[in-house]
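Computation of the quantities below employed the complete heavy-atom set of this structure, encompassing side-chain atoms and omitting hydrogens, waters and symmetry-equivalent molecules.
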Amino acid sequence: MKKTFIVAAAIVMFAAVCTAGCNKGEPAEKETFTVTFVQAGQNDVVKTVEKGATLTDIPAPKDKIGYTVTWDVAEFVDVSENITVTAVETANRYTITYQPGDGTLDATTQTVTYDAEYTLKVPVHQDGAYTFTCWTRADNTSVAQSGTWKIAEDITLTAQYAEPYTVSFVQEGCETVVVKVAEGGSLAADAIPAPQEKEGYTVNWDKTDFTNITQNIIVNAVITANTYTVTYDLGVNGYATLNSYTAQVTYGETFTLNTPEYSGSAEFYGWYLADKDGKATDEKVEDGKYLWAEDITLIAKWNEWSQVVS
């Protein structure tokens, strides 16, 4: 029995020695971990690193227009667990430099953020009749006045202005008066020139509405002859009569005087212009053009006999 036990022990010892001899020179397998790089819209990138080691083969995140993309973990020293690394996208900020030309601004630069809402500045032209229309880039393309910023660079913008419309007031014999008006603007009453007066005539412009101007306008003077009243006074002859004691006449037009009807031997000398006191002057009025820019009174003159008998 004792002999059998000794043999068995020898066999076990031999097996142990044999096993030790067979594994000699082969290191035990080391523990590893994974570092997974995750970025929206991209395939995950997985790196394997041994426990306690440092990961140096770090992939670059995919670029994104208008953004700076970085990993939320920067160093991978003494890795001892599985790690998930996420890409962080930070919208870039850009600088706009304004060139307002003949306009003025409260500031000539502005900072904007990519993919964020923005509103561009509005310049005021030194000549108020010019209208600001838009900002343009170096290639002459315009940039929306507001919206979501989508230009991934610093840029310079140049102001563009619309030429003003003109309102030209034209009157024969007078210098034309030109007034500038911004698009959609209106002329104030004190900006509308008065037409040149003309004796015996009323002068008006042929247009009166100067609001919401969207085109060049020519305004012409309209000259209308005035109408006046001639009043007839038969003077001292009580025997004379007229078919009408007043007449309406137009300045510059030909008119015919009324002829009195009378009885007896009285002699009618003619019609004479009355002065401001209503007395006959020595200015005799004949048929012809009416050239008095006012109402007038004409007084009849007769021979002395008629004046005595009347």
**OP:** Sequence neighbours left out, what pairs pass ring pair (Phe, Tyr, Trp, His ring centres under 6.0 Å) with at least one residue falling in residues 175-194?
**Re:** none

Subject >> CD-CG distance between Q110 and L105, expressed to the nearest 0.5 angstrom >> reply: 9.5 Å

Original post:
Is there a side-chain contact (heavy atoms from CB on, under 4.5 Å) between D72 and V85 once you walk through the steps?
Top reply: CA-CA 6 Å; D72 63 354; V85 185; 3.4 Å; yes

Subject >> Inter-residue atom distance I96.CD1 - I151.CD1, 0.5 Å rounding >> reply: 7.5 Å

Subject >> Which residues share a salt bridge (Lys or Arg N to Asp or Glu O under 4.0 Å) with D115, sequence neighbours left out >> reply: K150

Original post:
Between OG1 of T231 and CG of L298, what distance do you get to the nearest 0.5 Å?
Top reply: 8.5 Å

**OP:** Could you tell me which non-hydrogen atom of D102 sits nearest to which non-hydrogen atom of H125, and how far apart they are?
**Re:** CB-NE2, 3.4 Å

Original post:
Looking only at heavy atoms, which two atoms of Y98 and P100 are closest? And how far apart?
Top reply: O-CD, 3.5 Å

**OP:** Sequence neighbours left out, what passes salt bridge (Lys or Arg N to Asp or Glu O under 4.0 Å) with D282? Give chain and number order.
**Re:** K301

Original post:
N204 versus T224: any side-chain heavy-atom pair under 4.5 Å?
Top reply: no

Original post:
For the residue pair A87 and V69, what are the closest heavy atoms and their distance?
Top reply: CB-CG1, 4.0 Å

Original post:
Other than V170, which residues form its hydrophobic cluster under the rule that side-chain heavy atoms must be closer than 4.5 Å?
Top reply: I218

Original post:
Does V73 belong to the same Ile/Leu/Val/Met/Phe/Trp/Tyr cluster as F33, with side-chain heavy atoms less than 4.5 Å apart forming each link?
Top reply: yes

**OP:** Check the pair N92 / T68 against side-chain hydrogen bond (donor to acceptor under 3.5 Å, both in side chains), numbers first and verdict last.
**Re:** CA-CA 6 Å; N92 295 333; T68 297; 2.7 Å; yes

Original post:
Hey, would you say the W302 and F268 ring centroids sit under 6.0 Å apart?
Top reply: yes

**OP:** Each residue besides V222 in its hydrophobic cluster should be listed here, by chain and number; the cluster joins Ile, Leu, Val, Met, Phe, Trp and Tyr at side-chain heavy-atom distances under 4.5 Å.
**Re:** none

Considering only distance and modelled atom types, tabulate donor-acceptor pairs under 3.5 Å from the side chains of residues 128-140, sequence neighbours left out.
from	atom 1	to	atom 2	distance (Å)
Y130	OH	E163	OE1	3.4
T131	OG1	E183	N	3.4
T133	OG1	Q160	O	3.0
W135	NE1	K121	O	2.8
T136	OG1	T158	O	3.4
T136	OG1	Q160	NE2	3.0
R137	NH2	E153	OE2	2.8
D139	OD1	T141	N	3.1
D139	OD1	T141	OG1	2.6
D139	OD2	T141	OG1	3.4

**OP:** Starting at CG of D277, measure out to OG1 of T281 and round the result to the nearest 0.5 Å.
**Re:** 11.5 Å

Subject >> Under the salt bridge (Lys or Arg N to Asp or Glu O under 4.0 Å) test, residues paired with K180 that sit two or more places apart >> reply: D127

Original post:
Hey, does the side chain of Y165 reach the backbone of T214 with a donor-acceptor pair shorter than 3.5 angstrom?
Top reply: yes

Could you tabulate the donor-acceptor pairs under 3.5 Å formed by side-chain atoms of residues 51-62, not counting sequence neighbours?
from	atom 1	to	atom 2	distance (Å)
D57	OD2	K47	NZ	2.8

Subject >> ring pair (Phe, Tyr, Trp, His ring centres under 6.0 Å) partners of residues 174-202, not counting sequence neighbours, each pair once >> reply: Y201-Y251

Original post:
If you count the non-hydrogen atoms of other residues, nucleotides and ligands that lie under 6.0 Å from CD in Q42, is the total more than 12?
Top reply: yes

Subject >> Over 12 foreign heavy atoms within 6.0 Å of CG, D206 >> reply: yes

Subject >> ILVMFWY cluster, V203 and V177 together (side-chain gap under 4.5 Å) >> reply: no

Subject >> Which atom of V249 lies closest to which atom of F255, heavy atoms considered >> reply: CG1-CB, 3.9 Å

Original post:
So do the side chains of Y245 and N258 get within less than 4.5 Å of each other, counting heavy atoms only?
Top reply: no

Subject >> Main-chain N/O of E117 paired to T148 side chain as donor or acceptor, under 3.5 Å >> reply: no

Original post:
About how many Å separate CG of L157 and OG of S142, when rounded to the nearest 0.5 Å?
Top reply: 10.5 Å

Original post:
With a 4.5 Å limit on heavy-atom distance, are the side chains of V38 and T84 in contact?
Top reply: yes

Listed pairs under 3.5 Å, donor-acceptor, residues 285-297 side chains, sequence neighbours left out:
from	atom 1	to	atom 2	distance (Å)
D287	OD1	L257	N	2.8
Y290	OH	E294	O	2.6
D295	OD1	T229	N	2.8

Original post:
For the hydrophobic clusters of this structure (ILVMFWY residues joined by side-chain heavy atoms under 4.5 Å, transitively), does one cluster hold both Y67 and F37?
Top reply: no

**OP:** Quick one: closest heavy-atom pair of D233 and W271, and the distance?
**Re:** O-CZ3, 3.3 Å

**OP:** Tell me, yes or no, whether the heavy-atom count around D44 atom CG, taken from other residues, nucleotides or ligands under 6.0 Å, exceeds 12.
**Re:** yes

**OP:** State yes or no: do Y161 and V122 share one hydrophobic cluster built from I, L, V, M, F, W and Y residues joined by side-chain heavy-atom distances below 4.5 Å, directly or via other members?
**Re:** yes

Original post:
Taking only residues two or more places apart in sequence, or in another chain, which ones meet A152 in a side chain to side chain contact (heavy atoms under 4.5 Å, CB included)?
Top reply: I65, Y94, Y114

Original post:
Which heavy atom in T256 sits nearest to a heavy atom in Y232, and how many Å separate them?
Top reply: O-OH, 4.1 Å

Subject >> Distance (rounded to the nearest 0.5 Å) between T259 OG1 and N243 CG >> reply: 8.5 Å

Subject >> Other residues, nucleotides, ligands: >12 heavy atoms within 6.0 Å of Q248 CD >> reply: yes

Original post:
Any sub-3.5 Å donor-acceptor pair from E89's side-chain atoms to K64's backbone N or O?
Top reply: no

Original post:
Side-chain heavy atoms under 4.5 angstrom apart, residues restricted to Ile, Leu, Val, Met, Phe, Trp, Tyr: same cluster for I299 and L234?
Top reply: no

Original post:
For residues 207-230, which residue pairs qualify under ring pair (Phe, Tyr, Trp, His ring centres under 6.0 Å), counting only residues two or more places apart or in two chains?
Top reply: F169-F210

